[in-house]
Amino acid sequence: MASNATPFVPQIRLYQDWLKQTRGLSFASYDALWRWSVTDLDAFWQSIWDYFDLQSPTPHRAVLAARRMPGASWFPGAQFNYARQVFRHVDAAHAAGFPALISHNEKSLAAGVPPRELSWPELRRQVASLALHLKAQGVAPGDRVAAYLPNIPEAMVAFLAVVSIGGVWSICAPDMGTHAVLDRFRQITPKVLIACDGVTYGGRDFDRTAVLDELRAALPSVQHVIVHGNLDATKTIANSVPLTWATGRNDAETAAFQPIWLPFDHPLWIVYSSGTTGLPKPIVHGHGGTVVVALALKTLHNDVGCSYHANSWGERFHWYSSTGWVMWNAQMSGLLNGSTCCIYDGNPGGSKEQPDWTTLWRFGAQLGVTFFGAGAAFFANCMKAGVDLSLCGDLSRVRALGSTGSPLSEDAQRWGTAQFEKVGTPDIWWCNISGGTDFAGAFIGGNRELPQVPGEMQCRLLGCAVEAWNEAGEPVIGEVGELVCSQPIPSMPLYFWGDEGNKRYLSSYFDMYPNVWRHGDWLKITPSGSCIIYGRSDATINRHGLRMGTSELYSAVEALPEVIDSMVVDLEYLGRESYMPLFVVLREGLALDDAMKEKLNNAIRTALSPRFLPNEIVQVPEIPRTLSGKKQELPIKKLLLGQPLEKVVNRDAMANPGCLAWYLEFSHRHLARSTA
């Protein structure tokens, strides 16, 4: 691999040069470019289509036929397929000597064995083989295929195979409990289930065959099961087909296979974002809109180039994620513009017995990663653990650090910058982004050509009409407000699966401001145009970058006979230690001892994931509720963040206002601890 660690020209500059040459458009500042992109939506998104030379056998009749939210109609008449866009790079990338995927897991990295490489032609062959197998099983356009797989190449192969024939993909991570997985998959009635026999995490193997049996029993719509032997490749699972067999075909039909053309807005995948009530929201995104937005984000703003282009020769893109987080989808989108994707499966912090926050850095050094992304919590943990990057191998090819999931603190960013100065990369570029599963994209992110300020994100992204609104619904600068998006974006959801009359969709984003997307984050836009996210403005849990609805945690905890009521709040907030207390009301006579705490934690661990264990469990006399019976999570969250009681709650609207004295006292103690 030729060494060309620094691109000659930032990708966003190449795009602006192209705009000038082909459109006669030039802009004095990024702010001027951004304003054009959010006012002339047709011209901007058409420019993205043309810049990336997107292809369709039939022309689109318009760029934005219906300019409304929800219900925007993008590129009507065009045909598309995510997998076709990936396959466009097979021949050129392979000829240049670059693989499609490079991967490691805990065991292979620890053993010092070379990483696995999947070439572009082999990726195409495996995808074609599995696609033809699925087609033979009766999978037709619109049928759902559910996956229970970790972050391994097989998951990406399976995704591309499903969507290449018009199937609708949906994946859950194997660290999720049966209950949480079924809450998702039951809603979408999948025809096929692709699962693994188990996973390795934190130095331990976790057999998942019992979970697989439970999933099969609880999903009567499943007609066919494919199993990947992730722990034991020799093990056979009754009434299933080995994934290696389904991807093993190599004949004239696989060689001739082409992904089918689909309508631009044909369903691509179903992802899940949890609210404070009800089941997780099954969000449907379309092929075309997802790809258009992913290319603009990944290339122009994240500065991830094509591996076989001279300007970004040898690009290797890594963003650590589990398959339960939308960043897995974002990592995979590197394939859309011909980048080599580097994926790691396992705990980035080593095992519980032997914590090791150098793991992911050593992975990045061994693979020659050029873009290194992870959740903000990862960088904070590395800082706290005193990681010395100069001892982690050769990280000289890393030219960008990506962060998302929660706000990255100034301290963590300064730590990372100082570490890269030590390894010979002064002024490392941080690409801090904020977006969401909800629209499979980002609203705020990076720009190679703008100044960096620790603790801030550089800009609002092109095509994203993002503003901070005050309580009067007015845009403000230099003040914290609700993050809203006032214009449609191509990757916004098509709909929620099974959502009659779009009721849940409308209530999720448009209940506060009709026809304006309210995202649920606190945002401040500075006079210079940079942005600061201050955490969630609603009661949704954002734990280590993974969102979970409080209702899912309640269903796990309150299933225990000892628990009468419960409430959880997530105090994710810029510059402060994340803190999530669980308040429980126990049956009379019961005390919250260590055994009861362990029982509660086990219930959460089993039903959801260890990622959602609370920092503290507190026994309380009552849970505050409204007159209509709703738990008052958001007022208590605001109280614990230091806002005055009279501003966060209306006692007259409460069923039990007398309980507030307890929470007020608790908030005083918490704030005293957190500021000490």
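Because the structure is predicted, anything quoted here is derived from the model rather than measured.
Between Trp313 and Phe98, the distance from one ring center to the other falls under 6.0 angstrom. With ring centers used as reference points, Trp74 lies 6.0 Å or more from Phe264. No close placement of the Trp120 and Phe87 rings is indicated, their centers lying 6.0 Å or farther apart.
Residues Ala440 and Trp269 approach most closely at CB-CZ2, 4.1 Å, considering heavy atoms. Residues Ile433 and Gly445 come closest through the heavy atom pair CG2-CA, 3.8 Å.
For the residue pair Ser170 and Tyr272, a side-chain donor N or O sits within less than 3.5 Å of a side-chain acceptor on the partner. Side-chain contact of Tyr308 with His89: a donor-acceptor pair under 3.5 Å is present, judged by distance alone. Looking only at atom types and distance, the side chain of Tyr509 has a donor-acceptor partner in the side chain of Asp438 under 3.5 Å away. Looking only at atom types and distance, the side chain of Asp31 has no donor-acceptor partner in the side chain of Ser29 under 3.5 Å away. With no hydrogens or angles considered, no side-chain donor-acceptor pair links Gln331 and Ser321 at under 3.5 Å. Judged by distance alone, the side chains of Tyr15 and Ser47 do bring a donor and an acceptor atom under 3.5 Å apart. Side-chain polar atoms of Asn151 and Thr323 form no donor-acceptor pair below 3.5 angstrom. At a cut-off of 3.5 Å, with distance as the only test, a side-chain donor of Asn432 or Gln413 sits close to an acceptor on the other residue. Under the 3.5 Å distance criterion, with hydrogens and angles disregarded, a donor-acceptor pair is assigned to the side chains of Gln46 and His60.
Looking at Trp34, its side chain does come within 3.5 Å of a backbone N or O of Cys464 through a donor-acceptor pair. Panel note: side chain His519, backbone Gly435; a donor-acceptor pair is recorded below 3.5 Å. Looking at Ser530, its side chain never comes within 3.5 Å of a backbone N or O of Gln458 through a donor-acceptor pair. Under a 3.5 Å cut-off, the side chain of Asp345 and the backbone N or O of Ile152 do not form any donor-acceptor pair. A side-chain donor-acceptor contact under 3.5 Å links Asp143 to the backbone of Ala140.
Between His266 and His287, the ring planes lie tilted relative to each other; the angle falls in the 30° to 60° range. The aromatic rings of Trp497 and Tyr495 are tilted relative to each other, their planes meeting at an angle between 30° and 60°. Relative orientation of the Phe159 and Trp328 rings is perpendicular, given thresholds of 30° and 60° on the angle between their planes.
Between Asp40 and Arg35 no salt bridge is recorded (no basic side-chain N to carboxylate O distance below 4.0 Å). Ionic pairing of Glu315 and Arg399 is present here: one or more N-O contacts between side-chain nitrogen and carboxylate oxygen are shorter than 4.0 angstrom. Between Asp303 and Lys298 there is no salt bridge, since no side-chain N of the basic residue sits under 4.0 Å from a carboxylate O of the acidic one. Lys503 and Asp499 are not joined by a salt bridge, as no carboxylate oxygen comes within less than 4.0 angstrom of a charged side-chain nitrogen. Ion pairing of Asp511 with Arg504 is absent here, as no side-chain N (NZ or NE/NH1/NH2) approaches a carboxylate O to less than 4.0 Å.
Using a 4.5 Å heavy-atom threshold, the side chains of Arg84 and Gln258 count as touching. At a threshold of 4.5 Å between non-hydrogen side-chain atoms, the residues Ile489 and Phe443 count as touching.
Taken to the nearest 0.5 Å, the NE2 atom of His301 stands 4.5 Å off from the CG atom of Leu461.
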